[in-house]
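What follows is a single structure, written as structure tokens, with notes after it.
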Amino acid sequence: MAIQRKPLVAGNWKLNGSDSLVEEMSSALQKAEISSSDVVICVPAPYLAKFQSSGFDIGAQDVSEHDAGAYTGEVSAEMLAECGAKWVIVGHSERRTYHAESDSQVAQKAAMAIKAGLTPIVCFGEEEEIRDNGTYTDHCIAQLAAVIDVLGIENFAQCVLAYEPVWAIGTGKTASPEQAQDMHKSVRDFIATHSADVAEGMRILYGGSVKADNASELFSQPDVDGGLIGGASLKAEDFIQICRSA
Ligand code: PGA
């Protein structure tokens, strides 16, 4: 019998937020009583402890690839866990682009997260020119293969994946449901070359200009198991509608 994957909706606040947004969002989410999907909000690290009282899962947006030591400005996976985080985004394209994070660093960050008991949300995706030249599937699979190489397939099974085509992030240009399904299916087929069970159970989210009015169609694709939501996760009403669509 096919495994039922529980949908997950993850908000990514990026470099946005304030005490008042934390309060507004926690009370709106509590009132909304969303139970059909898992919901996690990935906030800037200083808000982790504050958001914890909401009863919703919280996550961080990045983690150090190191345990401890002379790495000024970094935050370790253990520290995030002590602040109440259960999840952490790794390999977001904004980290890969602005901080030159390599596939192997992303893999190392995922390994650190797992060691500390956090679930990594591993992002992958192609830039517009790679979409245009047709090599996007190979590009994305190479990003994930690097993570499997470091983690091994058993630990990889503890990750959630997020396909985020770079050309769709914050641009209002969403991938079509067919484009998303096509990539998610290719990735699942690739994972199945390592383990059919891991492939079947793996949650693969879609991210990139998901809005209240396009979420249902994207999430209804058979291999799309929810979303990673940027801009729309800052508006309680929109985010709640997206959670309900899952
Ligand atoms: P967006 O961002 O929903 O604003 O496009 C998604 C993301 O970067 O996670």
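Atoms within each ligand, like the ligands themselves, are counted from 1 in listed order.
- Pairs of residues two or more places apart, or lying in two chains, that qualify as salt bridge (charged side-chain N to carboxylate O under 4.0 Å, His left out) and include a residue from residues 111-123 are Asp67-Lys115.
- For the side-chain contact (heavy atoms from CB on, under 4.5 Å) with Leu8, the qualifying choice from Asp57, Ile204, Asp225, Val40 is Val40, the only one to do so.
- For atom 7 (C) of ligand 1, the closest non-hydrogen atom on the protein side is Glu164 OE2, 3.2 Å.
- Of all protein heavy atoms, the one lying nearest to atom 3 (O) of ligand 1 is Gly230 N, 2.9 Å.
- Ligand 1 has Ser209 within reach: a non-hydrogen atom of the residue lies less than 4.0 Å from it.
- Proximity to Ile169 (heavy-atom distance under 4.0 Å) selects the following atoms of ligand 1: 2 (O), 5 (O), 8 (O).
- When heavy-atom distances to ligand 1 are checked against a 4.0 Å cut-off, Ala162 has no atom that comes that close, whether in backbone or side chain.
- Distances below 4.0 Å separate heavy atoms of Gly208 from the following atoms of ligand 1: 5 (O).
- Any N or O atom pair closer than 3.5 Å counts here, and His92 shares at least one such pair with ligand 1.
- Among residue pairs with one or both ends in residues 162-181, those qualifying as salt bridge (charged side-chain N to carboxylate O under 4.0 Å, His left out) are Glu128-Lys173; sequence neighbours excluded.
- The distance criterion of under 3.5 Å between nitrogen or oxygen atoms is met by Lys14 with respect to ligand 1.
- Of the listed residues (Phe239, Trp87, Tyr47), just one forms a side-chain contact (heavy atoms from CB on, under 4.5 Å) with Ile41, and that residue is Phe239.
- Close N/O approach between Ile229 and ligand 1 is not found [any backbone or side-chain N/O within under 3.5 Å].
- Taking every heavy atom of Ala168 and a limit of under 4.0 angstrom, the matching atoms of ligand 1 come to 5 (O).
- Residue-ligand proximity: Ser93 is placed with every non-hydrogen atom at 4.0 Å or more from ligand 1.
- Judged purely by distance below 3.5 Å, without hydrogens or angles, the side chains of Gln241 and Asp238 never pair a donor atom with an acceptor atom.
- Annotation: atom 4 (O) of ligand 1 to nearest protein heavy atom, Gly231 N, 2.9 Å.
- For Asn12, every heavy-atom contact with ligand 1 shorter than 4.0 Å involves the side chain, none the backbone.
- Evaluated for a side chain to side chain donor-acceptor pair (under 3.5 Å) with Glu126, the options Arg131, His139, Gln143 yield exactly one hit, Arg131.
- For ligand 1, the polar-atom distance check finds an N/O of Gly170 within less than 3.5 Å of one of the ligand's N/O atoms.
- A donor-acceptor pair under 3.5 Å links the side-chain atoms of Asn214 to the main chain of Ser209, judged by distance alone.
- Note that the CG atom of Leu234 and the CD atom of Glu24 stand 10.0 Å from one another [nearest 0.5 Å].
- Heavy-atom neighbours of Glu217 CD from other residues, nucleotides or ligands within 6.0 Å: at or below the threshold of 12.
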